Every structure is written in C-alpha cells, then in structure tokens.
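Some notes on the structure that comes next.
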Amino acid sequence: MAQAMKQKFVVWGVAAAGLLVLGAAAYWWQHRPSAAANVAGGAAVADAAASGAGPSGAKAGARAEAIVVEAAPVKPADLVDDVQAVGSILANEAVVLRPEISGRVAQIRFTEGQRVRRGDALIQLDDSVPRAELAQAEAQLALARSNFDRTRDLAKQGFVSESAQDQTASALKVQDAARVLAQTKLEKSTIRAPFDGVVGVRLVAIGDYVKEGQDLVPIQDTATVKAEFRVPERYLAQLKAGQRVDVDSDALAQRRFSARVDFIDPRIDANARSVLVRARVANVDGALRPGMFVRARLIFDQRSKALTVPEEAIVPAPAAGGSRNFVYRVVETGGQTRAMRTEVELGLRRDAVVEIKRGLSAGDRVVTAGQIKLREDGMTVQVRSGARS
C-alpha cells in the first residue's frame with residue numbers, strides 16, 4: 001500500500017510541473033516583443049531625445065511655453081493734483097443793523113431785497129427831541145462864546161482876573177462839547193448802510209419803539225462771496241493763499257465759478273483733523289447766495305503730458321524702509337516677446353491711472369493682467385488678442 005501511495009505522489013508532481021511550463025509558455029507568447037514594436041519604440045526614443053521629452057525634456061518644454069497676458073501702452077495725459085471738499089457760501093460782509101439810541105421808527109426808506117450804497121439812509125427814528133437838544137446846545141454855546149469874548153476884552157484892559165478868564169474859556173469848551181453831543185445824537189437817529197449791499201427782511205415797522213441794540217434789518221455784501229470748506233490736515237503743507245479753487249453748486253448745475261484761496265485757518269480742528277479754508281469768489285450777478293451748498297475743488301498743481309499706466313499694472317514689493325513698485329514691460333528681443341521686470345517711481349493717482357515719474361517711456365507696453373504667472377524676470381509671454389493697446 002505504501003508503494004501505491006508513492007506512485008500517486010509522483011504522478012501529481014509531474015502534472016503540476018507540466019501545468020507550470022504550459023502557463024509560462026502562454027504568458028511568453030502573449031507578451032513577446034515584435035519587430036514592428038521594436039522599430040516604433042526606437043523611433044519614439046529618438047523623437048523624445050530630439051524634442052526634449054522625458055522627465056527632463058518635459059521641464060524644458062514647459063519653460064518654453066509662452067504665458068498669456070494682457071498689456072496696455074504707456075500714455076501721456078494731463079493730470080491735476082487736487083483735493084475736493086464740500087462747503088457753504090458766505091457773504092463778503094454781513095451785519096444786522098441796530099440802533100445806538102432809543103426812539104420811535106418814523107420812516108423806512110428801503111424795500112426788502114433792495115441793493116443800497118454805503119451811507120444811504122435806511123431807517124429814520126423820530127428826531128424831534130435830538131433836534132431840540134441840539135438847538136439848546138447851540139444857544140448855550142453862543143452865550144458861552146459871548147461871555148468868553150467879553151472877558152477876554154476886559155482882561156486886556158486889566159479889569160478882570162486871569163482866573164475869571166480861565167473860567168469863561170472852560171465854560172465855552174463845555175458848551176461846545178454839549179453841542180457836539182447833541183449833534184451826534186441827532187445823526188444817530190438816522191440808520192445808514194455801512195457798506196454797499198443788499199438789505200434783507202426788515203424786522204420793524206413804522207411806529208415801533210426800538211431800544212439800543214434791537215435788530216432792525218440785515219444787510220449783506222454779495223458782490224463778492226466766500227466759499228468756506230474744510231480739507232484734511234495732510235494737505236496743510238500744500239495749501240497757499242492765492243491757489244485756484246473751482247466752485248460749483250447743485251442749484252447751479254450748468255455753472256462753475258473760479259475762486260482764489262483767501263484765508264487758511266491757523267488752527268487745526270482736533271476732532272475732524274481738518275483745516276478751514278475760505279476762497280473769494282466774484283459774484284457780480286448774485287447767482288451765489290449766502291448759505292448755499294457748494295462743492296470746492298482745490299487745485300495744487302497741473303501736469304501736462306504726464307506718463308500714465310493703468311493701476312492694475314503696478315506690482316508692489318516689500319523693501320527695507322518701505323516698499324518698491326514694479327511693472328512688467330513687454331519687449332521684443334531675439335524674435336520673442338518677453339516680460340521684463342522694471343522698477344518705477346509713482347506720482348499722482350487719478351481715475352484708475354497712475355503717473356510714472358521714472359522708469360518708463362512713452363510708447364512702452366506694460367502687463368496689466370497675468371502678472372501672477374510671471375515667476376521669473378524675462379519670461380516669454382503672448383499678449384492676448386483683444387487686450388488694451
């Protein structure tokens with residue numbers, strides 16, 4: 001029985017070995033290399049070597065691929081260095097007329113809104129009492145002068161003392177002062193315009209009894225007005241008397257007025273961190289009214305044909321003590337279009353453009369989109385069709 005088992009194991013071993021040999025032969029038959037495959041493989045290797053394919057060749061191809069960007073030219077433009085603010089119109093001169101003496105209003109010699117001249121009589125108070133006082137003072141002055149003359153003649157003859165002559169001289173001066181006082185009171189019963197201007201709404205009527213200091217009527221000089229506004233304190237060093245200011249108002253949408261800085265407040269508002277500025281505006285036709293809301297544009301400087309680029313072309317970079325600004329300038333070199341990193345000095349910023357004070361020339365082109373893909377200076381680029389030019 002042992003002999004039979006031994007023979008069975010031998011048969012199984014031979015069968016297993018045969019199966020392994022058949023499997024190996026089948027695998028070789030299916031994966032055997034053919035002549036055509038060898039030829040194609042060799043050609044592929046040759047092509048890859050020629051074109052830089054493979055691990056190192058793939059990198060070379062990536063470097064050579066042009067990066068698509070957008071570009072815009074450097075353009076000359078007229079720029080204005082200015083600051084804009086809002087404010088109000090003030091009259092050149094504005095007062096409310098008030099009497100210096102008490103009295104009853106006898107006459108009103110103007111109509112509301114009338115233009116008057118300096119010295120014109122506007123309101124007349126009852127002057128009967130001042131006139132009587134003036135007449136009395138003049139009579140007493142005449143008597144005092146007569147006494148003084150008589151005493152002087154007697155003194156020349158030695159009939160009166162020097163002391164008596166001094167007393168009559170003093171009495172003459174007192175009566176003369178009383179006459180001046182009565183004359184002044186009479187004059188102050190007439191309220192006159194202190195300057196050329198326009199009278200407003202009268203606050204009294206004929207027959208009213210007014211006291212010293214009571215409001216009678218406002219008067220304003222509007223032939224010249226002042227535009228008052230505030231600007232941030234950072235512009236203080238640039239503010240100067242005589243600078244040009246353009247003034248316009250919503251109420252006068254079709255007009256713009258030219259003004260000049262007339263006053264700069266020496267104090268800074270600590271709460272708003274701003275400085276008060278007043279500009280004088282000619283207002284011959286009276287279009288600008290006191291209290292009117294206006295917009296003021298203060299012009300510091302005007303630059304003709306300044307070089308400008310779009311704001312998006314600027315690439316800031318941190319640097320010691322601050323930051324530096326760059327652009328990528330598009331240049332043609334060696335038959336290729338490249339983006340060259342160029343440092344620039346910036347000036348004014350206006351309406352989405354930036355002034356370039358140094359670093360570029362008129363006609364240069366700069367990259368305005370796609371800078372983030374430019375990891376190295378001088379990379380090959382392709383300016384996208386339809387980009388700004």
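Computed from a predicted structure; not experimentally measured.
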- Task: Return yes when atom CZ of R338 has more than 12 non-hydrogen atoms of other residues, nucleotides or ligands closer than 6.0 Å, and no otherwise.
- Result: yes
- Any donor and acceptor pair, going by atom type alone, linking the side chain of S146 with main-chain N or O of A142 inside 3.5 Å? no
- Is atom CG of D78 surrounded by more than 12 heavy atoms (other residues, nucleotides or ligands) closer than 6.0 Å? yes
- With side-chain contact (heavy atoms from CB on, under 4.5 Å) as the test, would you mind laying out the steps for V105 and I123 before giving the verdict? CA-CA 7 Å; V105 177; I123 295 178; 4.1 Å; yes
- Item | Taking every non-hydrogen atom, the tightest pair across S189 and Q124 | O-NE2, 3.3 Å
- With a 4.0 Å cut-off, would you call K185 and D127 a salt bridge? no
- Query: Do D196 and R117 pass the salt bridge (charged side-chain N to carboxylate O under 4.0 Å, His left out) test, and can you show the C-alpha distance, the side-chain angles, and the key distance before you say yes or no?
  - Reply: CA-CA 4 Å; D196 295 353; R117 305 287 294 178; 3.2 Å; yes
- Message: Let me check something: do L97 and V198 share a hydrophobic cluster, defined by ILVMFWY side-chain heavy atoms less than 4.5 Å apart, either directly or through other members?
- Response: no
- Item | Side chain proximity check, L298 to D82, heavy atoms < 4.5 angstrom | no
- Evaluation steps, side-chain contact (heavy atoms from CB on, under 4.5 Å), between R98 and V210: CA-CA 9 Å; R98 299 178 177 91; V210 296; over 6 Å; no
Donor-acceptor list for residues 162-183 side chains, cut-off 3.5 Å, not counting sequence neighbours:
{"residue": "T168", "atom": "OG1", "partner": "A164", "partner atom": "O", "Å": "3.4"}
{"residue": "T168", "atom": "OG1", "partner": "Q165", "partner atom": "O", "Å": "2.7"}
{"residue": "Q183", "atom": "NE2", "partner": "E187", "partner atom": "OE2", "Å": "3.4"}

- Message: Measuring from atom CZ of R145 to atom CZ of R150, what distance do you get when rounded to the nearest 0.5 angstrom?
- Response: 13.5 Å
- Query: Can you check side-chain contact (heavy atoms from CB on, under 4.5 Å) on F293 and D250, steps first, answer last?
  - Reply: CA-CA 8 Å; F293 171 84; D250 292 342; 4.1 Å; yes
- Query: Between V217 and V116, is there a shared hydrophobic cluster once you connect ILVMFWY residues whose side-chain heavy atoms come closer than 4.5 Å?
  - Reply: yes
- Task: Find out whether L125 and P99 are in side-chain contact, i.e. whether some heavy atom of one side chain is under 4.5 Å from a heavy atom of the other.
- Result: yes
- Message: Counting only heavy atoms not in R267 (residues, nucleotides, ligands), do more than 12 fall under 6.0 Å from its CZ?
- Response: no
- Should the pair D149-R152 be classified as a salt bridge under the 4.0 Å nitrogen-to-oxygen rule? yes
- Query: Are any side-chain N or O atoms of Q114 and backbone N or O atoms of T111, one a donor and one an acceptor, separated by less than 3.5 Å?
  - Reply: yes
- Quick one: are D246 and I299 in side-chain contact, heavy atoms under 4.5 Å? yes
- Message: I'd like to know whether CZ of R131 has more than 12 heavy-atom contacts from other residues, nucleotides or ligands below 6.0 angstrom.
- Response: no
- Task: Find out whether the Lys NZ or Arg CZ of R118 is both under 6.0 angstrom from the six-membered ring centre of F195 and within 45° of the ring's axis.
- Result: no
- Task: Locate the shortest heavy-atom distance separating S102 from E212; write the atom from each residue and the value.
- Result: OG-OE1, 2.8 Å
- Are any non-hydrogen side-chain atoms of I264 and V275 less than 4.5 angstrom apart? yes
- Task: Indicate yes or no: at least one non-hydrogen side-chain atom of V204 is less than 4.5 angstrom from one of Q214.
- Result: yes
- How far does CG of L203 sit from CG of D208, to the nearest 0.5 angstrom? 10.0 Å
- Do V383 and L360 belong to the same hydrophobic cluster, where Ile, Leu, Val, Met, Phe, Trp and Tyr are linked whenever their side-chain heavy atoms lie under 4.5 Å apart, directly or via other members? no
- Task: Using modelled atom types only, decide if a donor and an acceptor are shared between the side chain of S128 and the backbone of D126 within a distance under 3.5 Å.
- Result: no
- Message: Let me confirm one number: the CZ-CG distance from R192 to L122, rounded to the nearest 0.5 Å.
- Response: 9.0 Å
- Check whether more than 12 heavy atoms from other residues, nucleotides or ligands sit under 6.0 Å from atom CZ of R256, and answer yes or no. no
- Item | D262 bridged to R260 by N-O distance under 4.0 Å | no
- Message: Working to the nearest 0.5 angstrom, can you tell me the gap between T368 OG1 and Y328 OH?
- Response: 14.0 Å
- Query: Which atom pair, heavy atoms only, marks the closest approach of V294 to S88?
  - Reply: CG2-N, 4.0 Å
- Message: So that I can tick it off, tell me whether D215 and R202 are bridged by a salt bridge, with the cut-off set at under 4.0 angstrom between side-chain N and carboxylate O.
- Response: no
- Query: Hey, does L90 have a side-chain heavy atom less than 4.5 Å from the side chain of P290?
  - Reply: no
Extract all donor-acceptor atom pairs below 3.5 Å that involve side chains of residues 228-240 and protein atoms in other chains or at least two apart in sequence.
{"residue": "E228", "atom": "OE2", "partner": "R278", "partner atom": "NE", "Å": "2.7"}
{"residue": "E228", "atom": "OE2", "partner": "R278", "partner atom": "NH2", "Å": "2.9"}
{"residue": "Q238", "atom": "NE2", "partner": "D81", "partner atom": "OD2", "Å": "3.4"}

- Item | Within 6.0 angstrom of K305 NZ, more than 12 heavy atoms from elsewhere | no
- Message: Evaluate N92 against R280 for side-chain hydrogen bond (donor to acceptor under 3.5 Å, both in side chains), listing each step before the verdict.
- Response: CA-CA 8 Å; N92 183 46; R280 192 173 295 273; 2.5 Å; yes
- If you group Ile, Leu, Val, Met, Phe, Trp and Tyr by side-chain heavy-atom gaps below 4.5 Å, do V277 and I268 land in one group? yes
- In one Ile/Leu/Val/Met/Phe/Trp/Tyr side-chain cluster, 4.5 Å: I356, V330: no
- Message: So V68 and V381, do their side chains get closer than 4.5 Å, heavy atoms only?
- Response: no
- Heavy-atom check, side chain of I67 versus side chain of L374, under 4.5 Å: yes
- Task: Mind checking the CZ-CG spacing from F148 to L141? Nearest 0.5 Å is all I need.
- Result: 12.0 Å
- Item | Gap separating the CZ atom of R255 from the CG atom of L288, nearest 0.5 angstrom | 7.0 Å
- Task: Determine whether more than 12 heavy atoms belonging to other residues, nucleotides or ligands lie under 6.0 Å from atom NZ of K226.
- Result: yes
- Message: For T308 and E355: C-alpha separation, side-chain torsions, deciding distance, then whether side-chain hydrogen bond (donor to acceptor under 3.5 Å, both in side chains) applies.
- Response: CA-CA 4 Å; T308 62; E355 178 190 12; over 6 Å; no
